[in-house]
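Counting starts at 1 for both ligands and their atoms, in listed order. Remember, it's a predicted structure, so these values are computed and weren't measured experimentally.
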Amino acid sequence: MDLDAFRTATGHNVTAVTAEEMRDVDRVAVEEYGLSLLQMMEQAGRGLACEVLDLSRDGPVVVLAGGGGNGGGGLACARHLANREIPVTVVLDRQPTELTGVVASQYELLDRMGISIRTDVSTVEIPAVVVDALVGYGLQEPLRGPPRELVWWAENTEAKILSLDVPSGIDATTGGASGDTIHPIRTFTLALPKTGLLETAGKLILGDISVPAAVYETLEIPYTPPFDHKFAIRIDATRS
Ligand SMILES: NC(=O)C1=CN([C@@H]2O[C@H](COP(=O)(O)OP(=O)(O)OC[C@H]3O[C@@H](n4cnc5c(N)ncnc54)[C@H](O)[C@@H]3O)[C@@H](O)[C@H]2O)[C@H](O)CC1
Ligand SMILES: [K+]
């Protein structure tokens, strides 16, 4: 199988990248172009909210959020849902006091908005949609601790599961899972698809977070802008 490409509905190849390559993209975008993590995270969260609304207009929605960039995107998504009076509950995989940086700021904003934020699922209403924003390409395998328990919980609901960037527990580069993993019906992956998404992601939507094409050029990653006039597009693994 062609391990390095996905295809858009109009037949354009989209290069798949490893976790390391995606980290390089983040680094160059931030350090050489000044595109901040918060700017990219906000676009991730808004695109993710669009996918939630496509799955269910009424909710209730539970957003499972970790402490890294993946979690931050989930918190931004929760804000957009709350602004549309969709019943949303955020479940953090740690105490709010353990959050740092941009993710802590995203939490503060939700808290000031009065959005329901928990650190355990025991009293959470059964959701229509679960958003998996626990772990993205930052997985250091295998899934352990609260994220693993939250994945178990999600897997045992009847909810539609939507993963941000990479299904939690899946290695973004290899697609391997040495431990428990979540099984989404849809994954909203950011900037470029990861090589580990070939078999595990459910329906794959690629979200634009405005990484300049020049960043990929700098890193010699083959890239032609795939989004046309959209900000999120369906992509499928190429088979060869
Ligand atoms: N250009 C882009 O693609 C952007 C992507 N964004 C999102 O940020 C994440 C990557 O963020 P990072 O902070 O590097 O890591 P993660 O959030 O994926 O993971 C850290 C998170 O996961 C927990 N964790 C790690 N390993 C384990 C484990 N074995 N068991 C349990 N928990 C684990 C850790 O504790 C942290 O909570 C990327 O996927 C995108 O979603 C940015 O938003 C913008 C640019
Ligand atoms: K995830």
Protein N, O or S atoms lying under 3.4 Å from the K ion (ligand 2), listed by chain and number
Asn70 OD1, Asp132 O, Asp132 OD1, Asp132 OD2, Val135 O, Leu164 O, Val166 O, Ser168 OG

Any side-chain heavy atom of Glu155 within less than 4.5 Å of one from Val151?
yes

Side chains of Leu92 and Leu75 in contact at under 4.5 Å (non-hydrogen atoms)
yes

May I have a table of the N/O to N/O pairs between ligand 1 and the protein that fall below 3.5 Å, each row giving the two atom names and the distance to 0.1 Å?
{"residue": "ligand 1", "atom": "1 (N)", "partner": "Asp26", "partner atom": "OD1", "Å": "2.3"}
{"residue": "ligand 1", "atom": "8 (O)", "partner": "Asn70", "partner atom": "N", "Å": "3.4"}
{"residue": "ligand 1", "atom": "11 (O)", "partner": "Gly69", "partner atom": "N", "Å": "3.3"}
{"residue": "ligand 1", "atom": "13 (O)", "partner": "Gly69", "partner atom": "N", "Å": "2.9"}
{"residue": "ligand 1", "atom": "17 (O)", "partner": "Gly69", "partner atom": "N", "Å": "3.2"}
{"residue": "ligand 1", "atom": "17 (O)", "partner": "Asn70", "partner atom": "N", "Å": "3.0"}
{"residue": "ligand 1", "atom": "18 (O)", "partner": "Gly136", "partner atom": "N", "Å": "2.7"}
{"residue": "ligand 1", "atom": "18 (O)", "partner": "Tyr137", "partner atom": "N", "Å": "3.3"}
{"residue": "ligand 1", "atom": "18 (O)", "partner": "Gly138", "partner atom": "N", "Å": "2.9"}
{"residue": "ligand 1", "atom": "26 (N)", "partner": "Gln140", "partner atom": "N", "Å": "3.0"}
{"residue": "ligand 1", "atom": "29 (N)", "partner": "Gln140", "partner atom": "O", "Å": "2.5"}
{"residue": "ligand 1", "atom": "29 (N)", "partner": "Pro142", "partner atom": "O", "Å": "2.8"}
{"residue": "ligand 1", "atom": "29 (N)", "partner": "Arg144", "partner atom": "NH1", "Å": "2.6"}
{"residue": "ligand 1", "atom": "30 (N)", "partner": "Arg144", "partner atom": "N", "Å": "3.0"}
{"residue": "ligand 1", "atom": "35 (O)", "partner": "Arg94", "partner atom": "NH2", "Å": "3.0"}
{"residue": "ligand 1", "atom": "37 (O)", "partner": "Gly67", "partner atom": "N", "Å": "2.9"}
{"residue": "ligand 1", "atom": "37 (O)", "partner": "Arg94", "partner atom": "NH2", "Å": "2.7"}
{"residue": "ligand 1", "atom": "39 (O)", "partner": "Tyr137", "partner atom": "N", "Å": "3.0"}
{"residue": "ligand 1", "atom": "39 (O)", "partner": "Asp165", "partner atom": "OD2", "Å": "2.7"}
{"residue": "ligand 1", "atom": "41 (O)", "partner": "Asn70", "partner atom": "ND2", "Å": "2.8"}

Between Pro96 and Thr119, is there a side-chain heavy-atom distance shorter than 4.5 Å?
yes

For residues Thr15 and Tyr223, determine if any side-chain heavy atom of one lies less than 4.5 Å from a side-chain heavy atom of the other.
no

Cationic N near anionic O, under 4.0 Å, Asp26 to Arg23
no

Decide side-chain contact (heavy atoms from CB on, under 4.5 Å) for Thr18 and Lys194; before the verdict, give the C-alpha distance in whole Å, the side-chain angles of both, and the deciding distance to 0.1 Å.
CA-CA 6 Å; Thr18 63; Lys194 285 63 183 181; over 6 Å; no

Determine whether Trp153 and Val91 make a side-chain contact, defined as any pair of heavy atoms from C-beta on separated by less than 4.5 Å.
no

Any side-chain heavy-atom pair from Asp132 and Leu64 closer than 4.5 angstrom?
no

With a 4.0 Å cut-off, would you call Arg46 and Glu42 a salt bridge?
no

